[in-house]
Every structure is written in structure tokens, then in C-alpha cells.
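Atoms within a ligand are numbered from 1 in the order they appear, just like the ligands themselves. Numbers here simply count residues along the sequence, with the first being 1.
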Amino acid sequence: MKTKLVRTLAALRRETTKWRKEGLTYAVVPTMGAIHSGHTELVAQGLTRADRVIATIFVNPKQFAAHEDLDKYPRDEDGDVLKLGKAGCHVIYLPTPEEIYPEGFCTTVSATGPAKAGLEDKFRPQFFDGVCTIVAKLFIQTGADYAMFGEKDYQQLQVVTRMAKDLSIPIEVIGVATVREDDGLAKSSRNVYLSKQERQQALAIYSSLSHAAERIRGGLDIQSAARLATRTLMALGFTVDYVTVRNAATLAPPQNRDEPLRIIAAAWLGETRLIDNVAV
Ligand code: PAF
């Protein structure tokens with residue numbers, strides 16, 4: 001099967017219209033490129049649900065703050081296309097900025113609820129308006145049946161799930177388990193920035209969250225478990241932005257321990273910010 005590259009909405013719709021006429025279902029995997037095995041797993045999971053998979057590659061300027069260097073974001077179109085093709089993608093949509101944000105574009109999709117949970121939004125206040133705006137646009141442009149999102153960006157997964165529901169966009173958002181290195185570190189485009197020593201230290205983020213989750217299941221109170229994980233990470237040289245236990249869907253602080261819970265963390269190792277989360 002040859003993967004088709006499309007750069008315009010008209011070309012994308014020619015493909016999706018054909019699929020619909022043939023009675024086929026399709027999934028979308030939104031990405032900003034820098035494709036790694038976390039993304040190809042989203043494609044693989046898409047292929048288990050739908051007849052066709054579209055991956056999108058668009059480095060979305062609206063989710064970067066001025067101080068976050070959009071220009072430095074890794075770009076490797078040829079490499080990305082190769083990896084997505086090998087993973088079994090039928091169509092790769094690489095829109096130009098004008099195709100997404102045409103002259104005069106002045107609409108923002110702005111979310112509250114999980115988007116204002118005081119997690120990533122506290123450190124990147126512009127981020128979820130940018131994500132919601134592009135994701136809503138990609139959901140509408142593709143008209144896909146399913147959208148595949150990694151659980152690694154757990155807050156993003158909850159925000160887009162809620163947004164699709166609130167806006168009655170007929171798409172099912174599917175959360176896919178985080179792909180990890182053999183030693184447990186969550187796969188991320190940022191892992192390449194870690195020095196050899198930091199790469200070793202980085203293991204602690206997953207292990208400390210896993211231990212905290214185990215301790216909560218064993219009866220330890222939520223705050224103490226989160227505090228313990230924070231202290232462990234700090235002792236190992238991390239600068240911790242947050243370690244917190246939240247309701248797994250709303251991301252609100254839990255009212256009781258019988259709710260579905262998720263322990264979620266963001267922490268720096270040197271210049272690299274790592275995020276991870278574990279079900280309790
Ligand atoms: O997770 C990402 O790579 C981006 O936030 C997304 C969902 C592709 C929107 O630009």
C-alpha cells in the first residue's frame with residue numbers, strides 16, 4: 001500500500017469522500033511531527049479500530065507561547081513520512097499554515113474544566129486554547145470516526161475528549177496507553193535532550209509515580225503519597241512542577257478515594273521537562 005500525502009483540505013476531502021462512498025471507517029492521529037514509536041503505536045491502534053488511518057503533521061503556532069521557541073521545534077518531514085508510511089498510514093495530511101489559519105482567521109476554541117485543572121495550564125496558559133482550536137479544526141476537516149491520543153499527555157487527552165463531547169463533534173476520542181522504553185521511561189521527542197546521567201535519573205519519574213499509586217491502593221492517603229513521590233524526585237535532582245492525584249476524567253481534586261484516580265507529574269531534569277502519569 002502506498003501512503004498518500006495531501007497538503008490541502010480539498011485533496012484530503014477527495015480521499016475521505018471516497019472512503020465514505022465505500023462504507024469505510026477511518027481514524028485520525030494528530031501530530032506535530034518528530035514521529036517516534038509513541039506516534040506509530042497510535043497509528044497501530046487506529047488500524048485495529050478503523051479501515052483507514054490519516055495522520056496529520058502540523059506544528060501548531062497557536063499552542064506555543066512567545067518564549068517557547070516554535071522555530072526550534074524538530075522538523076523532519078521526509079523521516080516522519082517514512083515512519084508513518086511504514087506504520088500503515090493510508091493518508092498523511094500536511095497542511096500549510098494558510099490551510100489551517102487562512103487570512104482573517106479569528107476564532108479560538110477555549111475550554112475550562114480539565115483545561116483549567118492547574119496542571120499544564122498553570123505553566124503554559126496559552127497551550128490548551130491552541131490545542132483545542134487546532135484539534136477541533138482537524139476533527140472537522142477530517143470528519144474521522146476515531147481520534148487517537150496518547151495517555152502520556154493525559155490532560156490533553158481529557159481536554160479534547162471533553163471538547164468533542166461539548167461541541168457535539170461526531171468522533172470518538174480513544175486514549176492509547178503510554179509507550180515506554182524497556183526501563184519504563186515514557187517515549188518522548190524530548191528524551192534525546194537528556195544527558196547520559198539524566199537519562200538514568202529520568203527513570204525515577206515513572207517508578208516514583210508507580211510506587212505512589214501502589215501505596216494509595218494499599219491504603220496510604222492521597223496527599224501523603226503525592227508528597228512522598230515529590231520528595232523522592234527532588235532528592236534525585238528533579239525540579240518538580242507538580243505531582244498530584246486527580247479524578248481521572250475531570251482532573252479535579254478527588255472528593256474521595258473511590259473515584260477513578262490518576263497520579264500525574266511534571267518535573268525538570270536540567271533543561272528538559274518530563275511529564276508522566278499512572279492510573280491509581
Ligand atoms: O500532542 C500533540 O502533538 C499536539 O498537541 C497536537 C494534539 C497534535 C495538536 O497540535
Visitor: How would you list, by chain and number, every residue that makes a side chain to side chain donor-acceptor pair (under 3.5 Å) with Glu15, sequence neighbours excluded?
Guide: Lys4, Lys18
Visitor: Before signing off on this row, confirm whether Gln63 and ligand 1 have an N or O atom pair separated by under 3.5 Å.
Guide: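 Yes: some nitrogen or oxygen of Gln63 is under 3.5 Å from one in ligand 1.
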Visitor: Considering only NZ, NE, NH1 and NH2 on the basic side and carboxylate oxygens on the acidic side, decide whether Lys187 and Glu181 come within less than 4.0 Å.
Guide: yes
Visitor: Output yes when Glu120 and Arg273 qualify as a salt bridge under the 4.0 Å nitrogen-oxygen rule, no when they do not.
Guide: yes
Visitor: Using the ring centroid of each side chain, check whether Tyr73 and Phe64 are separated by less than 6.0 Å.
Guide: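 They qualify: ring centres under 6.0 Å apart.
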Visitor: Got the closest protein heavy atom to atom 5 (O) of ligand 1, with its distance?
Guide: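 Looking only at protein heavy atoms, the one closest to atom 5 (O) of ligand 1 is Gln156 OE1, 2.7 Å.
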Visitor: Are Asp129 and Arg124 within salt-bridge range, i.e. N to O under 4.0 Å?
Guide: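 Here Asp129 does not pair with Arg124 in a salt bridge, since their nearest N and O are not under 4.0 Å apart.
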Visitor: Quick one: does ligand 1 sit under 4.0 Å from the side chain of Thr31, the backbone, both or neither, non-hydrogen atoms only?
Guide: backbone
Visitor: Against heavy atoms of Phe149, which atoms of ligand 1 measure under 4.0 Å?
Guide: 7 (C)
Visitor: Looking at Ile134, which atoms of ligand 1 are within less than 4.0 Å of one of its heavy atoms?
Guide: 9 (C), 10 (O)
